[in-house]
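FYI, side chains are in, hydrogens and waters are out, and symmetry mates aren't considered; it's all heavy atoms of this structure. Throughout, a chain's letter reflects where its sequence line sits, starting with A, and its residues are numbered from 1.
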Amino acid sequence: MAILVIAEHDNTSIKAATLNAVTAATKIGGDVHLLVAGSACAAAAEAAARIAGVSKVLVADAGHYADQSPENLAALVVANAAAYACLLAGATTIGKNFMPRVAALLDVAQISEIVAVESPDTFVRPIYAGNVVATVRSTDPIKVITVRATAFEAAGEGGSAVIESLPAGPDLAQSRLVGRELTKSERPELTAAKVIVAGGRGLGSGENFHKLLEPLADKLGAALGASRAAVDAGFVPNDYQVGQTGKIVAPQLYIAVGISGAIQHLAGMKDSKVIVAINKDAEAPIFQVADYGLVGDLFDVLPALLKELG
Amino acid sequence: MKILVPVKRVVDYNVKVRVKSDASDVELANVKMSMNPFDEIAVEEAVRLKEAGIATEVIAVSAGVLNCQETLRTAMAIGADRGILIQTDIELQPLAVAKLLKAVCEKEKPQIVLCGKQAIDDDANQTGQMLAGLMNWPQATFASKIVVAGQLATVTREIDGGLETVEVPLPAVLTADLRLNEPRYATLPNIMKAKRKPLETTNPAALGVDVTPRLKTLKVAEPAKRTAGIKVADAAALVMKLKTEAKVI
């Protein structure tokens with residue numbers, strides 16, 4: 001039976017997490033269909049059709065899907081679920097919001113944030129902030145799954161899926177979007193960046209955070225991240241947070257500056273390929289996961305590092 | 001206005017969990033248990049809404065083993081007015097908990113169910129959304145700010161790109177994120193007072209809910225550990241290693 005991946009998009013392009021979810025779907029096996037629910041979202045549907053491995057794109061285009069409210073989106077998915085063995089979405093704040101609602105309405109369990117596919121009904125997922133991984137088997141007729149993006153490669157381009165339009169469901173008019181305050185940045189997106197420079201409480205202030213880390217991030221083409229402590233202290237907004245309840249990242253290079261390494265933070269970045277830790281406390285737990293540790297005062301080390309990078 | 005706050009008893013967040021030798025589960029014997037931290041934030045928010053004169057009653061509800069009573073007493077020490085224990089020794093998964101909460105909602109008729117966004121043991125992040133679906137209520141998850149006026153809640157949500165504000169008509173399910181508030185410490189007099197607050201006990205059968213697990217855990221394991229690498233002397237040595245050894249810059 002086929003698999004339906006619910007696409008995350010901004011009506012013109014497909015978000016990166018969807019590409020990882022498509023790869024997870026191909027590992028489960030079966031025809032992969034993609035659902036694009038939006039408003040004036042033809043461009044997103046065309047982009048979806050070019051994703052390698054997708055055979056069909058279903059488009060539900062209506063004004064009440066513009067903001068992808070969880071109630072309307074879940075109802076649409078449920079109305080079209082019967083033809084599918086599996087429903088997948090990225091484990092983003094959007095996927096985490098509407099997918100459990102889908103599962104409940106179908107009276108099935110959700111399998112959250114899978115990191116591996118063992119068989120079409122058996123999956124691996126982290127629990128206890130990633131300190132334990134569980135292998136779970138679902139006995140439900142429809143598997144509802146969210147996918148941890150960093151655990152699967154992104155699907156490539158080169159597909160030529162057929163695009164079919166889907167009748168829109170009714171507008172349930174429940175939650176209503178008032179507005180969004182999105183962080184504007186020229187830098188790469190945290191979850192897709194090859195290099196991340198992340199700062200912790202050791203930076204001391206928001207001013208230091210920007211003054212010291214931005215030049216380094218610019219030099220390396222890196223995204224900026226932060227520990228919970230730095231976000232709680234108000235140095236940077238919430239969407240910088242890497243960790244168990246923030247973003248899960250796995251870049252080629254993760255540079256942790258002034259971060260002690262609470263397990264909740266490690267849960268979000270320990271799958272990075274290379275980890276560098278800069279911290280004045282030689283006993284900080286971050287050094288236990290770092291490939292390269294530099295014990296020193298970040299206020300001395302960072303300028304020196306910038307100079308060395310030329 | 002009644003607010004219902006579901007609270008879960010979990011392994012304390014400071015405990016380093018260990019896998020049992022038969023790989024069937026993590027070791028839960030003789031381990032410190034506490035209220036799920038996100039649920040504590042939810043209780044605090046509900047109590048603040050009561051203190052602000054918006055809510056009239058805060059009801060804490062927990063599902064699980066008899067010892068969940070302790071978690072309910074903690075909620076009542078923070079300020080919940082009474083507790084409901086849905087007692088069972090069966091492993092409860094989020095869908096089953098959502099169904100139990102639905103049964104409680106139908107009886108208690110709360111205007112707001114305020115959950116923690118996820119439990120720190122199974123990291124599922126499902127129960128609130130599932131309950132909203134089962135009740136056909138609106139939902140606003142990952143809240144960092146909640147304003148209730150009349151029959152409308154205005155909720156600021158933490159999302160991947162920043163923040164978003166949504167309005168939900170009540171009744172609704174809201175889930176608490178980290179920065180919604182900082183829970184108070186329960187004072188000794190309040191802990192004593194909590195012991196005398198009403199605690200009602202029921203069970204899944206009495207609520208007419210089938211809680212049979214849908215997911216079977218085949219095994220649990222510790223993930224491959226990262227090992228500590230090397231310490232470098234200075235920035236120059238670090239840059240050289242990153243260029244020539246790790247080849248990542």
Side-chain angles (χ1 to χ4, degrees), chain A residues 70-71 74 92-93 96-97 100-101 103-105 108-112 122 126-140 174-183 220 228 232 237-239 245 252-253 270 273-274 276 287-295 301 304-305 308-309, chain B residues 11 16-17 19 26 93-95 98 118 120-126 129-130 132-134 138-142 144 154 158-169 177-179 214-223 226 228-232 234-236 238-239 241-242 246 248-249:
Chain A
E71 300 90 359
T92 59
T93 47
K96 289 173 177 175
N97 193 23
R101 193 169 174 110
L105 292 170
V108 300
Q110 173 179 295
I111 306 137
S112 295
T122 306
I127 54 176
Y128 290 94
N131 288 303
V132 180
V133 287
T135 305
V136 296
R137 176 182 290 153
S138 162
T139 55
D140 286 319
Q174 289 187 316
S175 64
R176 190 181 75 82
L177 180 70
V178 177
R180 289 193 176 124
E181 285 172 52
L182 302 181
T183 305
L220 296 169
R228 178 189 168 186
D232 283 354
N238 65 284
D239 53 298
T245 66
Q252 295 290 303
L253 173 62
K270 68 185 168 58
K273 186 160 172 273
V274 174
V276 170
F287 287 119
Q288 292 165 17
V289 300
D291 299 284
Y292 302 106
L294 207 175
V295 180
V301 172
L305 190 55
E308 287 297 328
L309 288 167
Chain B
V11 174
K16 171 100 182 71
V17 294
V19 170
V26 298
Q93 294 180 348
L95 180 62
Q118 78 188 63
I120 61 162
D121 50 1
D122 61 17
D123 284 333
N125 194 334
Q126 299 174 8
Q129 296 90 313
M130 285 183 152
L134 295 176
Q139 66 187 55
T141 52
F142 323 146
S144 63
T154 304
E158 297 204 357
I159 58 169
D160 286 335
L163 296 171
E164 117 179 345
T165 304
V166 295
E167 280 178 356
V168 289
D177 213 320
L178 276 176
R179 279 170 281 274
R214 304 295 187 85
L215 296 182
K216 182 171 168 43
T217 299
L218 303 182
K219 65 171 181 191
V220 299
E222 284 180 18
R226 275 190 97 97
I230 57 163
K231 294 264 167 65
V232 293
D234 54 28
L238 176 61
V239 170
K241 288 284 187 193
L242 292 177
V248 285
I249 58 170

**OP:** Enter the distance from B:Q129:CD to A:E71:CD here, rounded to the nearest 0.5 Å.
**Re:** 11.0 Å
Subject >> From CZ (A:R137) to NZ (B:K216), nearest 0.5 Å >> reply: 8.0 Å
**OP:** Give the member of A:V136, A:D239, A:V108 that has the highest number of heavy-atom pairs under 4.5 Å with chain B.
**Re:** A:D239
Original post:
Under a 4.5 Å heavy-atom cutoff, which of A:L309, A:D140, A:V276 has the most pairs with chain B?
Top reply: A:D140
Original post:
Tell me, side chain or backbone of B:A124 under 4.5 Å from chain A's heavy atoms, or both, or neither?
Top reply: both
**OP:** Evaluate side chain to side chain contact (heavy atoms under 4.5 Å, CB included) for B:T141 paired with A:K96, printing each intermediate quantity in order.
**Re:** CA-CA 9 Å; B:T141 52; A:K96 289 173 177 175; over 6 Å; no
Original post:
Can you say whether B:V232 sits under 4.5 Å from chain A via the side chain, the backbone, both, or neither, judging by heavy atoms?
Top reply: both
Subject >> Heavy-atom pairs under 4.5 Å with chain B, option from A:T183, A:T139, A:L294 with the top count >> reply: A:L294
Original post:
Do you know which of A:L182, A:T135, A:N131, A:I127 has the most heavy-atom pairs with chain B at a distance under 4.5 angstrom?
Top reply: A:T135
**OP:** Examine whether an atom of A:A304 lies under 4.5 Å from a heavy atom of chain B, and if so say whether it belongs to the side chain, the backbone or both; otherwise answer neither.
**Re:** both
Subject >> Rounded distance [0.5 Å steps], CG in B:L242 versus CG in A:L220 >> reply: 8.5 Å
Original post:
What are the two closest heavy atoms between A:A134 and B:V220, and how far apart are they?
Top reply: CB-CG1, 4.0 Å
**OP:** Heavy atoms only, distances under 4.5 angstrom: which of B:K219, B:K241, B:Q126, B:E222 has the most pairs with chain A? Name it, please.
**Re:** B:Q126
**OP:** With a 4.5 angstrom heavy-atom cut-off, could you sort out which part of B:A132 is near chain A: side chain, backbone, both or neither?
**Re:** both
Original post:
For chain A, which of B:A235, B:A140, B:S144 has the most heavy-atom pairs under 4.5 Å?
Top reply: B:A235
Original post:
Atom CG in B:L238, atom CD in A:E308: separation rounded to 0.5 Å?
Top reply: 9.5 Å
Subject >> Minimum heavy-atom distance between B:R226 and A:D291, given as atom pair plus value >> reply: NH2-OD2, 2.7 Å
**OP:** Give the minimum heavy-atom separation between A:T92 and B:D160, together with the two atoms involved.
**Re:** CB-OD2, 3.1 Å
Original post:
Where on B:I249 is there a heavy atom nearer than 4.5 Å to chain A: the side chain, the backbone, both, or neither?
Top reply: side chain
**OP:** Looking only at non-hydrogen atoms, find the nearest pair between A:Q174 and B:P138 and report the distance.
**Re:** CB-CB, 3.6 Å
Original post:
So which of A:Q110, A:K270, A:R228 has the biggest tally of heavy-atom pairs under 4.5 Å with chain B?
Top reply: A:Q110
Subject >> Heavy-atom pairs under 4.5 Å with chain A, option from B:I230, B:V168, B:T154, B:V11 with the top count >> reply: B:I230
Original post:
Does the pair B:R179 and A:D232 meet the rule for a side chain to side chain contact (heavy atoms under 4.5 Å, CB included), with working shown?
Top reply: CA-CA 7 Å; B:R179 279 170 281 274; A:D232 283 354; 2.9 Å; yes
Original post:
Any idea which of A:V289, A:T122, A:L105 has the most non-hydrogen atom pairs under 4.5 angstrom with chain B?
Top reply: A:V289
Subject >> Residue, of B:L95, B:V239, B:T165, B:V166, that accumulates the most heavy atom pairs under 4.5 Å with chain A >> reply: B:T165
Original post:
Which heavy atom of B:L215 sits nearest a heavy atom of A:A109, and at what distance?
Top reply: CG-CB, 3.8 Å
Subject >> Spacing of B:N125 atom CG and A:S112 atom OG [to the nearest 0.5 Å] >> reply: 6.5 Å
**OP:** Using a cut-off of under 4.5 Å on heavy-atom pairs, state which of B:D177, B:T217, B:D121 scores highest against chain A.
**Re:** B:D121
Original post:
About how many Å separate CG of A:N97 and CD of B:E164, when rounded to the nearest 0.5 Å?
Top reply: 8.0 Å
**OP:** Check B:V19 against A:V132 and note the closest heavy-atom contact, atom names and distance.
**Re:** CG2-CG1, 4.1 Å
